[in-house]
Every structure is written in C-alpha cells, then in structure tokens.
Amino acid sequence: MENKKTIITYGTFDMFHIGHLKLLQRLKEFGDELIVAVSTDEFNELKGKKTLIPYEQRAEIVSNIKCVNKVIPENSWDQKIEDVEQYNIDIFAIGDDWEGKFDFLEKYCEVVYLARTKNVSTTKLKKSLSNFLSIPKEDILNAFTIIEQLKKDFE
Ligand code: CTP
C-alpha cells in the first residue's frame, strides 16, 4: 500500500484490561499497521516488574486484538531505534505516563504520548485481587450463611 503508515508501541500488557484495549484502538486510528512490542518476562524483571501472566500468553492475547497487526518481543530499553528502522515506523506512540521519555526518537519518527484511561491499571487490579484474597475465609462463610438465612426469610 502506498503511503502506508506504521505505528509502534511498547508495554507489558499484564492482566489485559480496558485501558490497554482503548490505547491500542486509539493507536490504530493513527495509521494502517500497528506493531506492539510486548515486554518479555526477563525484561520485566530487569525493570523490577513482576508479571502475573507469562510472556507467551500476554503476546498471544495482544496479537489477537483486532486492531493489532504484529507483536514483537521487547527485550531491552535500547532496541527502539533498531525497531523503528527495521519496521519503517512512522509513529512511535505510548501512554503519557512516559511523557518526554522517548523524545530522542524524534530524529527517526513522529513521537506521540496519549492520555491514559482513568482509574484502571494492572497495579490497581493486582491490589484489588490481593485485597479480595485477604478477606478472611470465616467472613466469606458468614456472609454466605447470612445470605442463605435471608433467602429462607423471604420464602
Ligand atoms: N495504558 C493506558 N491507560 C491505562 C493503563 C495503561 O493508556 N489505564 C497504557 C500505558 O500508558 C502503556 C500501555 O497501556 O502505553 C501498556 O501499559 P502497561 O504498563 O502494560 O499497563 P499498566 O496498567 O499501566 O501497568 P502497571 O500498573 O503495571 O504500570
């Protein structure tokens, strides 16, 4: 395709959520082909991030999102220039939690930072999960007993 525009983004995409989906959908609107570099488990460890979902599964989920054309592994901080050249990237784009951090790529392509979707993140999901799991078992059982009793009262 003539004048085809290719976009690239980078991220962990652990516990894939609505913020991830909205970001990818907005990115695709910038052009024709969207490449997503998904951080490998080893690279996440290097970043001090521990993922719940392994790389192979995160990559498979992202590559099956309708607007995504290709997934590549993100193995290091300094692969970006090489990727931009190898895949003829027109636009590098990422959420604005990274504002200004990748301006050095402006020599090679357009750089865009997008506003994040509010009130959702993998960190928040992990916290909710951990709060949920820390509810004492007796409290859950008591709640069920109360519900059963209420049901009987209404019968
Ligand atoms: N993102 C977004 N809106 C959100 C969460 C993430 O637009 N609510 C974007 C990020 O800005 C990034 C991409 O999605 O460009 C992948 O982000 P990632 O770090 O994998 O997701 P987070 O939910 O931010 O994960 P964490 O809480 O571990 O930082």
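Throughout, numbering of the chain's residues begins at 1 and tracks the sequence. All ligand and atom numbering here is 1-based and tracks the order in the structure. Source: prediction; values computed, not measured.
In terms of modelled atom types and a separation under 3.5 Å, the side chain of Gln79 and the main chain of Ser76 share a donor-acceptor contact.
Here the two rings, on Phe43 and Tyr55, have centers that are 6.0 Å apart or farther.
Between Trp98 and Phe102, the angle of the ring planes lies from 30° to 60°, which puts this pair in the tilted group.
Pairs of residues two or more places apart, or lying in two chains, that qualify as salt bridge (charged side-chain N to carboxylate O under 4.0 Å, His left out) and include a residue from residues 68-82 are Glu74-Lys80.
For Asp41, the salt bridge (Lys or Arg N to Asp or Glu O under 4.0 Å) partners two or more places apart in sequence, or in a different chain, are Arg58. Listed by chain and number, the residues in a salt bridge (Lys or Arg N to Asp or Glu O under 4.0 Å) with Asp97 are Arg116 (sequence neighbours excluded).
Listed by chain and number, Thr12, Phe13, His17, Gly19, His20, Leu23, Lys49, Ile94, Gly95, Asp97, Arg116, Thr117, Val120, Ser121, Thr122, Thr123 each place a non-hydrogen atom less than 4.0 angstrom from ligand 1.
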